[in-house]
> 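Just dropping this structure here.
These figures come from a predicted structure and were not determined experimentally. Order of the sequence lines sets the chain letters (A, B, ...), proteins ahead of strands, with each chain counted from 1.
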Number of protein chains: 2
Amino acid sequence: MNYFCPMSNDQLLRSRGLRVTNTRKAVLQLLQGSGKALSQADVERSLPELADRVTLFRVLQAFEESGLAHRVQDAHGVSRFAVCADTCSGGHHHDVHAHFRCLVCGDVYCLDPVALPKVSIPKGFKLKESQLHLEGSCSACS
Amino acid sequence: MNYFCPMSNDQLLRSRGLRVTNTRKAVLQLLQGSGKALSQADVERSLPELADRVTLFRVLQAFEESGLAHRVQDAHGVSRFAVCADTCSGGHHHDVHAHFRCLVCGDVYCLDPVALPKVSIPKGFKLKESQLHLEGSCSACS
DNA sequence: GGTCTTCATGCAAGTCGGTTGCATGAATTA
DNA sequence: TAATTCATGCAACCGACTTGCATGAAGACC
């Protein structure tokens, strides 16, 4: 959230070219309130009867494509979603913030951005993005 | 491969407590010959009629658990396997080498080990392992 | 407000990777 | 060679992910 430039979630959705619907507002609010990345199954559990599985799938997909949220995989390869920083723009996620995966409960947390080391990649390879994943146990599971 | 201390694949399998079978020898050889990490589907395509899906699943699982190979997820969260360096031991994969994911063809390549930056993790969290994933396009897709 | 266009949703169905139980067969051991 | 232990194949299943199509709602325009 930007303290100096508050924007309602309705405006936030509209600014990304997304229509404002109950489902999208609820999911967006849920993602904002959660301190960690949520899977589609998490959303279904938190907001039962809100919408069809396919709808939630498409809502999360739309959030990612529009830049409202970013996708990160948990330890089992399942996609989880977290709200982006305000600097995010659709399709471009250049801020390299690390993620922490708890190997016990499976939760994924976004960490502060880190300066990644210079890695030499093979000749002809083109680097587009870097991701740093830390694994261990979260405070609740330690 | 260790140039100074060659070990046959039969010995390699036996040294990890695994029985020597045609399927395991073929999969091990395939992983060694491939310069990149392979998914189970890759193995099935490369060695059709070799063995049942479940057998390949369990062979790759046994390779990982015994330390013969390590598992890394591709851009879609699908597991891929690559043969470990000789220093690997069962269940312990402390060598932090980076991986490069090609976003075009999906291939995953093992890179040289890198010194990871010191990342501050939240209070109460316990760090066990770190992974660095680079994404972009490989030489064939660039 | 009413109408129209466009997009969001729900339902059905299907794909794919991953996984388990159990019976059978092969590799190792004695 | 016989006994034991482990590897394999088959069937079946689960969960995450995905698409097509018909319906309904959101936004735009008058």
> Check whether the side chains of S39(A) and R80(A) place a donor and an acceptor atom closer than 3.5 Å, and report yes or no.
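Side-chain D/A pair, S39(A) to R80(A): absent.
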
> R80(B) CZ to dG17(C) P: how many Å, rounded?
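Rounded to the whole Å, the gap is 10 Å.
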
> How would you list, by chain and number, every residue that makes a side chain to side chain contact (heavy atoms under 4.5 Å, CB included) with K25(B), sequence neighbours excluded?
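D10(B), L13(B), V20(B), N22(B).
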
> Quick one: list whatever passes side chain to side chain contact (heavy atoms under 4.5 Å, CB included) with A98(A), sequence neighbours left out.
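Partners of A98(A) by the side chain to side chain contact (heavy atoms under 4.5 Å, CB included) criterion, ordered by chain and then number, come out as L111(A), V114(A), L132(A).
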
> Quick one: side-chain hydrogen bond (donor to acceptor under 3.5 Å, both in side chains) partners of T23(B), sequence neighbours excluded?
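Listed in chain order: nothing, the list is empty.
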
> Only pairs at least two apart or in different chains count here, so list each ring pair (Phe, Tyr, Trp, His ring centres under 6.0 Å) that has a residue in residues 27-66 of chain A.
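Pairs touching residues 27-66 of chain A that pass the test: none.
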
> With 3.5 Å as the limit, what N/O pairs link the protein to nucleotides 18-22 of chain D?
from    : atom 1 : to     : atom 2 : distance (Å)
dG20(D) : O6     : R58(A) : NH2    : 3.2

> Could you state the atom-to-atom distance from CD of Q11(A) to C1' of dG27(D) in whole Å?
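Distance, rounded to whole Å: 16 Å.
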
> L13(A) CG to dA26(D) P: how many Å, rounded?
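That distance rounds to 13 Å.
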
> Just jot down the salt bridge (Lys or Arg N to Asp or Glu O under 4.0 Å) partners of R58(A), sequence neighbours excluded, or say none.
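Result, salt bridge (Lys or Arg N to Asp or Glu O under 4.0 Å) vs R58(A): none returned.
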
> Could you state the CD-P distance from E65(B) to dA7(D), rounded to the nearest angstrom?
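Computing the E65(B):CD to dA7(D):P distance gives 11 Å.
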
> Considering only residues two or more places apart or on different chains, which pairs with a residue in residues 43-55 of chain B satisfy side chain to side chain donor-acceptor pair (under 3.5 Å)?
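Output for this query lists Q40(B)-E44(B), D42(B)-R45(B).
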
> Holding to side chain to side chain contact (heavy atoms under 4.5 Å, CB included), I want the full list of residues that pass it with S120(A), two or more places apart in sequence or in another chain.
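For S120(A), no residue satisfies side chain to side chain contact (heavy atoms under 4.5 Å, CB included) once neighbours in sequence are set aside.
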
> Let me know the distance between CG of L56(B) and P of dC16(C), rounded to the nearest Å.
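Spelled out: CG on L56(B) to P on dC16(C) is 17 Å.
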
> For Q131(A), give me all partners under side chain to side chain contact (heavy atoms under 4.5 Å, CB included), at least two apart in sequence or on another chain.
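So Q131(A) forms a side chain to side chain contact (heavy atoms under 4.5 Å, CB included) with E129(A), H133(A), R101(B), H133(B), E135(B).
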
> Could you go step by step and tell me if C138(A) and D107(A) meet the side-chain contact (heavy atoms from CB on, under 4.5 Å) rule?
CA-CA 8 Å; C138(A) 70; D107(A) 281 352; 5.6 Å; no

> Under the ring pair (Phe, Tyr, Trp, His ring centres under 6.0 Å) rule, collect the residues that match up with F100(B), sequence neighbours excluded.
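So F100(B) forms a ring pair (Phe, Tyr, Trp, His ring centres under 6.0 Å) with F125(A).
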
> Mind grabbing the angle between the end helix axes of the helix from dT5(C)-dA26(D) to dA30(C)-dT1(D)? Five pairs an end, 10° rounding.
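Overall, the helix from dT5(C)-dA26(D) to dA30(C)-dT1(D) bends by 40° from one end axis to the other.
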
> Rounding to a whole Å, what distance do you find between L38(A):CG and dA16(D):P?
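Interatomic distance, CG of L38(A) to P of dA16(D): 14 Å.
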
> Does A51(B) reach a base, just sugar-phosphate, or nothing at all? Heavy atoms under 4.0 Å.
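The answer is sugar-phosphate, as A51(B) gets under 4.0 Å only of primed atoms, P, OP1 or OP2.
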
> Within residues 18-31 of chain A, which residues have any heavy atom lying less than 4.0 Å from an atom of DNA chain C?
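Hits under 4.0 Å, by residue number: R19(A), T21(A), T23(A), R24(A).
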
> Classify the nucleic acid contact of S79(B) as base, sugar-phosphate or nothing, counting any heavy atom under 4.0 Å across all strands shown.
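Contact class for S79(B): sugar-phosphate only.
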
> Please state how far atom CG in D52(B) lies from atom C1' in dG25(C), giving the value in whole angstrom units.
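The answer, rounded to whole Å, is 14 Å.
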
> Rounded to whole Å, please give me the gap between CG in D74(A) and P in dG15(D).
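Atom-to-atom, D74(A) to dG15(D), this comes out as 15 Å.
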
